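Model, not experiment: these values are computed from the prediction.
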Amino acid sequence: MEAPHNSPATETAAEPTGTTVPDAAGALPEAVTVTLTVTSPEQMQDLGRRLAGVLAPGDLVMLTGELGAGKTTLTRGLGEGLGVRGAVTSPTFVIARVHPSLVQGPALVHVDAYRLGGGLDEMEDLDLDVSLPESVVVVEWGDGKVEELSEDRLRVLIDRATGDTDDERREVTLVGIGARWAGLREALA
């Protein structure tokens, strides 16, 4: 389906990818995939604001993309949409930042797991499992590290052109894993 030309993002239908992780019983959780195209940092931030309208306390969002892909820009939009306090900046050197809500909504816990080498064991010091029920937890570089925190999670994969280019175009693939995300496509329409 093509969006109107003045739309900040275009949506294309996509089949669920093979990126889901089996649960303890070996079953694959349900997955819903939505692919969007953004062409500027402002559109990426706007996508974050739109996505914030879908998020609820207890949601785990995992962001994947190369350096400079737009993970923090998307998170900045999430923070604006959630109405949290403080400037949302990359938590690379502090590992995690908590942004309390200014509007009686969930706090935003923004984690950068880039420098963390291990899996969930190394993440335990951050007490994300304690923060998760009342917050929206966003983890940059979280693949292979935080999946065990929640059966229901949203993976956001951001692909951009690499090399010597000034192309701002990004393909953003949202993969909602678990029953929580069954209405993702409709919620973003």
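For the pair Thr72 and His110, the minimum side-chain heavy-atom distance is below 4.5 Å. Contact of the Val54 side chain with the Trp181 side chain is registered, since non-hydrogen atoms from C-beta on lie closer than 4.5 Å. At a threshold of 4.5 Å between non-hydrogen side-chain atoms, the residues Leu188 and Leu174 count as touching. Looking only at side-chain heavy atoms (C-beta outward), Leu184 and Leu154 come within less than 4.5 Å of each other. Between Glu147 and Ile177, every side-chain heavy-atom pair lies at or beyond the 4.5 Å cut-off. Inter-residue side-chain proximity for Ile158 and Val38 is flagged as unmet; no heavy-atom pair is nearer than 4.5 Å.
To the nearest 0.5 Å, the span separating OG1 on Thr73 from CG on Leu78 amounts to 11.0 Å. Interatomic distance, Glu140 CD to Asp112 CG, rounded to the nearest 0.5 Å: 5.0 Å. Atom OG1 of Thr37 sits about 12.0 Å away from atom CZ of Arg170, to the nearest 0.5 Å. The line from CD of Gln45 to CD of Glu80 is 4.5 Å long, rounded to the nearest 0.5 Å.
Considering every non-hydrogen atom in both Pro100 and Ala107, the closest pair reads CA-CB, 4.1 Å. Shown here for Asp152 and Gly178, the closest heavy-atom pair between the two residues is OD1-CA, 2.8 Å. Between Val175 and Ala31, the shortest heavy-atom contact is CG1-CB, 4.3 Å. Among all heavy-atom pairs drawn from Leu82 and Pro106, the shortest one is CD2-CG, 4.3 Å.
Checked by atom type and distance alone, the side chain of Arg185 pairs as donor or acceptor with a backbone atom of Thr33 at under 3.5 Å. Arg50 places no side-chain N or O within 3.5 Å of a backbone atom of Ala189 that could act as its donor or acceptor partner. Arg97 places a side-chain N or O within donor-acceptor distance of the main-chain N or O of Ser90, the cut-off being under 3.5 Å. Although no hydrogens or angles enter the test, the distance criterion places a donor-acceptor pair under 3.5 Å between the side chain of Arg76 and the main chain of Val88. The closest donor-acceptor contact from the side chain of Lys71 to the backbone of Met62 lies at 3.5 Å or more, if one exists at all. Side-chain atoms of Asp59 do not come within 3.5 Å of backbone N or O of Val136 as any donor-acceptor pair.
The side-chain contact (heavy atoms from CB on, under 4.5 Å) test applied to Glu42 returns Ser40, not counting sequence neighbours. Partners of Arg169 by salt bridge (Lys or Arg N to Asp or Glu O under 4.0 Å), not counting sequence neighbours, listed by chain and number: Glu171.
Remark: Arg155 engages Asp143 in a salt bridge, criterion side-chain N to carboxylate O under 4.0 Å.
Shown are Arg153, Glu151, Arg180; of these, the side-chain contact (heavy atoms from CB on, under 4.5 Å) with Leu60 is made only by Arg153.
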